[in-house]
Amino acid sequence: MKYTQLGRTGLKVSRLTLGTMNFGPLTNEPDSHTLMDAALDAGVNFFDTANTYGQSAGKGRTEEILGTWFTQGGGRRDKVVLATKVYGSMAPQGEETWPNQDRLSALSIRRAVEDSLRRLQTDHIDLYQFHHIDRQTPFEEIWQAVDVLVRQGKILYAGSSNFPGYKIAQANETAHRLGGYGLVSEQCLYNLAARDAEMEVIPAAQDYGLGVIPWSPLHGGLLGGVLKKEGEGSRRTGGRAAAELAKPEVRARVQAYEDLLDKHGLEPGEVALAWLLTRPGVTAPIVGPRTAEQLESALRAVDLDLSGEVLDALDEIFPGPGPSPESFAW
């Protein structure tokens, strides 16, 4: 495994992040533990979750699965850089959200941290991420809550997720004015087929020293060889991939993508991850394997060197938006 610094921090993390959103609703607890053991054995030390993860298995269930894994010992907790998130409603399924059960008020953050620590069975969270912007809470209040938690040793760093570029700037300018460290990472939708983040989010992250943690690197399976699997009858397309493939122009791009990689003897899913690892500012894409085979495929991407010819061809098939403001103003 290769490692890098998380943004401007001294924290060293693996070039892949283990995403755990499937743990609970799609992957049972024993299999989740097996995948985490395999990831750790392969050198993946960066694990990402959220307080709301668990879906049909119940909100918080994913954090609980990580917590029971940590209690198995063997240095598991000490070896992992643990990231979780706060913002979404923690009201049980079908129940109305009670005031202060969501968002980023100081009270919500304090309660959410305590609940996550209990589920995770640990005394601290390494990277505590805001899952979305909160238009109702000023950053002065958010940073006041974060600073208290840092002093208490309950969290070490703060990060953002799904923030636009101007909110990254706003958050860090406020933190700097108050004498705080500010955001150290941004977790955003970013992949070959969804490159909007290149316009303002990633430049803002780079300017403020945030590590970029892309989620959905395969764009819901669209970049994982979906057309070939469809033709072989080995997979039924659903979700984001199905919605995108219904657009003729998207299907044509994906076909060109798969044809290009077939010509070079490359696996689509591995190339999609390897491409992200070449992008400026990217720290570690989030991979969410459901099987050992999927984890092994993701691990191979770390050592995959893409030729200039392949990189140029990928840019032709999936062109980026260009820099801001030149791409829309000049």
Side-chain angles (χ1 to χ4, degrees), residues 1-4 13-50 52-57 61-70 72 76 79-85 120 127 161 187-194 213-226 228-229 232 234-242 261 266-277 282-304:
M1 179 51 61
K2 297 175 183 176
Y3 299 89
T4 189
V13 295
S14 50
R15 292 305 312 272
L16 289 180
T17 307
L18 181 69
T20 64
M21 191 168 68
N22 292 324
F23 294 176
L26 297 179
T27 307
N28 63 32
E29 185 165 340
D31 289 346
S32 298
H33 287 183
T34 298
L35 280 170
M36 286 188 279
D37 281 333
L40 198 62
D41 288 344
V44 177
N45 77 330
F46 199 10
F47 287 20
D48 177 75
T49 190
T52 56
Y53 288 174
Q55 290 89 18
S56 60
R61 179 60 184 138
T62 302
E63 285 188 334
E64 290 175 349
I65 289 173
L66 269 78
T68 56
W69 182 73
F70 287 140
Q72 294 179 17
R76 285 174 171 80
K79 292 176 181 176
V80 166
V81 174
L82 175 61
T84 192
K85 308 183 196 76
L120 290 163
L127 177 62
S161 180
Q187 190 177 129
C188 58
L189 174 63
Y190 184 36
N191 56 57
L192 267 168
I213 308 167
W215 59 266
S216 195
L218 304 188
H219 206 57
L222 192 76
L223 301 171
V226 64
K228 183 178 180 181
K229 292 172 184 174
E232 294 171 346
S234 60
R235 175 173 176 170
R236 184 177 176 182
T237 306
R240 182 184 296 125
L261 303 187
L266 297 168
E267 289 296 321
E270 294 171 20
V271 168
L273 282 171
W275 177 83
L276 277 171
L277 292 170
V282 168
T283 298
I286 298 175
V287 297
R290 295 188 301 275
T291 65
E293 293 74 24
Q294 290 175 346
L295 176 61
E296 289 166 7
S297 175
L299 292 169
R300 287 194 293 272
V302 176
D303 296 314
L304 180 59

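Positions are given from 1, in the same order as the sequence printed here.
- Between the CD1 atom in Ile213 and the CG atom in Leu276 there is a gap of 12.5 Å [rounded to 0.5 Å].
- In this structure, the side-chain contact (heavy atoms from CB on, under 4.5 Å) partners of Thr283, at least two apart in sequence or on a different chain, are Thr4, Leu6, Val13.
- The two residues Leu273 and Ala301 come nearest to each other via the heavy atoms CB-CB, 3.6 Å.
- The side-chain contact (heavy atoms from CB on, under 4.5 Å) search around Ala193 returns Asn191, His219, Leu222, Leu223, Phe318, not counting sequence neighbours.
- In this structure, CZ on Arg15 lies 12.5 Å from CG on Asn45, to the nearest 0.5 angstrom.
- Atom CZ of Phe46 sits about 13.0 Å away from atom OH of Tyr3, to the nearest 0.5 Å.
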Quick one, Thr20 with Glu63, criterion side-chain contact (heavy atoms from CB on, under 4.5 Å). Give me CA distance, side-chain angles, the key distance, then yes/no. CA-CA 9 Å; Thr20 64; Glu63 285 188 334; over 6 Å; no
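- Between Pro268 and Leu261, the closest heavy-atom pair is CA-CD1, 3.5 Å.
- Of the possible donor and acceptor atoms, one in the side chain of Ser32 sits under 3.5 Å from a partner among the backbone N and O of Thr27.
- Residues Met21 and Gln55 have side chains in contact (heavy-atom distance under 4.5 Å, counting atoms from C-beta outward).
- Not counting sequence neighbours, the partners of Arg76 by the salt bridge (Lys or Arg N to Asp or Glu O under 4.0 Å) test are Asp37.
- The side-chain contact (heavy atoms from CB on, under 4.5 Å) search around Leu304 returns Leu266, Glu270, Val271, Ala274, Leu306, not counting sequence neighbours.
- Taking every heavy atom of both residues into account, Gly221 and Val226 meet most closely at O-CB, 3.5 Å.
- Among all heavy-atom pairs drawn from Ala272 and Pro217, the shortest one is CB-O, 4.0 Å.
- Contact of the Phe23 side chain with the Thr49 side chain is not registered, since no non-hydrogen atoms from C-beta on lie closer than 4.5 Å.
- Checked by atom type and distance alone, the side chain of Thr17 pairs as donor or acceptor with a backbone atom of Ala284 at under 3.5 Å.
- Checked against salt bridge (Lys or Arg N to Asp or Glu O under 4.0 Å), Glu296 has no partners two or more places apart in sequence or in another chain.
- The structure places CE of Met1 at 8.0 Å from CG of Asp303, a figure rounded to the nearest 0.5 Å.
- Of all heavy-atom pairs between Gly269 and Leu218, the closest is O-CD2, 3.6 Å.
- Distance CD1/Ile65 to CG/Leu35: 11.0 Å, rounded to 0.5 Å.
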Stepwise, does the side chain to side chain donor-acceptor pair (under 3.5 Å) test hold for Glu267 with Ser297? CA-CA 9 Å; Glu267 289 296 321; Ser297 175; over 6 Å; no
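- In plain terms, the two heavy atoms of Ser56 and Pro25 that are nearest each other are OG-CB, 3.6 Å.
- For the pair His33/Pro30, no side-chain contact is recorded, criterion being any heavy-atom separation below 4.5 Å from C-beta on.
- Atoms CZ and CG, on Arg61 and Leu66 in that order, are 10.5 Å from each other to the nearest 0.5 Å.
- The side-chain contact (heavy atoms from CB on, under 4.5 Å) search around Thr34 returns none, not counting sequence neighbours.
- Aromatic rings from Phe47 and Trp69 are positioned such that their centres are separated by under 6.0 Å.
- Side chain of Ser216 to main chain of Leu189: no donor-acceptor pair is present (N/O by atom type, distance under 3.5 Å, no hydrogens or angles).
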Pair Trp215-Asp48, side-chain contact (heavy atoms from CB on, under 4.5 Å): steps then yes or no: CA-CA 10 Å; Trp215 59 266; Asp48 177 75; over 6 Å; no
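- No donor-acceptor distance shorter than 3.5 angstrom exists from the side chain of Lys85 to the backbone of Tyr53, with no hydrogens or angles considered.
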